[in-house]
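Down below is the structure, laid out as structure tokens.
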Amino acid sequence: MNGIVKTIVSFIIFMFSISVGAQNRTLMEGVDFGMPIANALTAIQRIYGEPAKKSDTSVVYTKKAFSGMDFDEVEFGFKENKLVDARFIMNSATRAESEKKMDSIAAKMKKYGISKDKEDQGPWFYVGGISPRGIGHLFTIFMYRKLGNHCAELRFGPFNPAHLE
């Protein structure tokens with residue numbers, strides 16, 4: 001029964017999202033998924049300034065805010081010269097703290113339609129929104145360990161560059 005209810009709720013959220021504009025690609029003011037790397041870098045730098053790290057495939061910022069939340073690291077990813085993903089990361093000393101941060105991110109993103117799920121043998125996570133193409137999710141919120149830290153991450157994408165035309 002729980003699986004049926006979850007499927008029905010997901011379908012209703014999906015249909016509502018389509019009716020209010022599933023093709024929305026805007027991450028933040030002036031920054032759209034699929035935009036050329038040069039335009040994306042200009043728009044991102046207008047908001048966040050110079051990145052802490054830069055390569056051909058990504059730019060990384062430290063201690064930046066997004067959607068009213070403070071993140072330890074923000075990374076924008078590029079493929080085929082297009083913006084295809086954005087990662088917003090909060091570091092924690094403990095798993096419990098990371099879980100609280102993940103729930104806090106989920107509460108903030110709730111307005112986009114969100115559901116909680118669990119891998120068969122893995123931890124739980126959240127998915128929400130509708131991808132730029134209108135199929136699949138716009139973002140995922142999950143936890144992991146990195147260099148001794150526990151991390152909570154809000155990730156948009158990665159989207160297939162061919163689907164962002």
Side-chain angles (χ1 to χ4, degrees), residues 17 24-119 121-133 135-164:
S17 296
N24 186 357
R25 298 177 184 190
T26 302
L27 176 63
M28 57 182 75
E29 187 178 335
V31 180
D32 299 325
F33 290 109
M35 70 189 312
I37 189 170
N39 297 357
L41 288 172
T42 299
I44 293 166
Q45 287 178 0
R46 193 173 17 249
I47 295 166
Y48 286 147
E50 287 297 317
K53 298 178 201 169
K54 188 175 181 180
S55 74
D56 291 341
T57 58
S58 70
V59 290
V60 178
Y61 292 86
T62 57
K63 305 294 184 194
K64 298 295 179 186
F66 173 74
S67 196
M69 298 174 280
D70 294 323
F71 291 91
D72 296 304
E73 186 175 307
V74 176
E75 180 177 355
F76 298 93
F78 304 97
K79 186 174 182 182
E80 297 176 22
N81 292 315
K82 294 179 183 176
L83 177 63
V84 296
D85 77 275
R87 303 170 64 176
F88 300 86
I89 302 162
M90 292 180 180
N91 296 321
S92 304
T94 67
R95 179 183 172 93
E97 187 181 334
S98 188
E99 286 176 358
K100 286 180 186 175
K101 288 181 178 182
M102 191 170 75
D103 286 339
S104 173
I105 295 168
K108 191 76 168 177
M109 300 302 289
K110 194 177 196 178
K111 62 186 171 190
Y112 300 105
I114 195 167
S115 63
K116 189 174 184 178
D117 207 344
K118 185 173 179 10
E119 294 286 338
Q121 299 297 320
W124 47 272
F125 59 94
Y126 296 94
V127 293
I130 301 295
S131 73
R133 192 165 182 206
I135 301 169
H137 300 290
L138 176 63
F139 60 85
T140 306
I141 305 164
F142 58 99
M143 297 182 309
Y144 59 93
R145 287 201 58 147
K146 177 181 172 185
L147 303 173
N149 287 322
H150 293 268
C151 302
E153 180 174 315
L154 167 62
R155 182 172 190 171
F156 293 85
F159 303 112
N160 182 333
H163 296 166
L164 295 171

Measure the spacing between OH of Y126 and CD1 of I105 and express it to the nearest 0.5 Å. 10.0 Å
Approximate separation, where rounding is to 0.5 Å, of T62 OG1 and F71 CZ: 14.0 Å
Which heavy atom of [X] sits nearest a heavy atom of [Y], and at what distance?
{"X": "K101", "Y": "A152", "result": "CB-CB, 4.1 Å"}
{"X": "C151", "Y": "I89", "result": "CB-CG2, 4.0 Å"}
{"X": "F33", "Y": "V84", "result": "CD2-C, 4.0 Å"}
{"X": "Y144", "Y": "F142", "result": "CD2-CE1, 3.5 Å"}
{"X": "S98", "Y": "H150", "result": "CB-CB, 3.7 Å"}
{"X": "G30", "Y": "A43", "result": "O-CB, 3.2 Å"}

Ring geometry between F66 and F88 (parallel below 30°, tilted from 30 to 60°, perpendicular above 60°): parallel
So F76 and Y48, would you call those rings parallel, tilted or perpendicular, with 30° and 60° as cut-offs? tilted
Main-chain N/O of K100 paired with S104 side-chain donor or acceptor, under 3.5 Å: no
Using only atom types and a distance under 3.5 Å, with no angle test, would you say the side chain of D72 pairs donor to acceptor with the backbone of N91? yes
Just wondering, do W124 and M102 contact through their side chains at under 4.5 Å, heavy atoms? yes
As a quick check of understanding, evaluate side chain to side chain contact (heavy atoms under 4.5 Å, CB included) for F139 and D85, giving each step before the final call. CA-CA 10 Å; F139 60 85; D85 77 275; over 6 Å; no
Verdict with supporting geometry, E153 and F125, side chain to side chain contact (heavy atoms under 4.5 Å, CB included): CA-CA 10 Å; E153 180 174 315; F125 59 94; over 6 Å; no
Charged N to carboxylate O below 4.0 Å: is that the case for K146 and E73? yes
Could you tell me whether K79 atom NZ has more than 12 heavy atoms of other residues or ligands within 6.0 Å of it? no
Would L27 and F156 count as a side chain to side chain contact (heavy atoms under 4.5 Å, CB included) if you check the C-alpha gap in whole Å, the side-chain angles of each, and the deciding distance to 0.1 Å? CA-CA 8 Å; L27 176 63; F156 293 85; 3.7 Å; yes
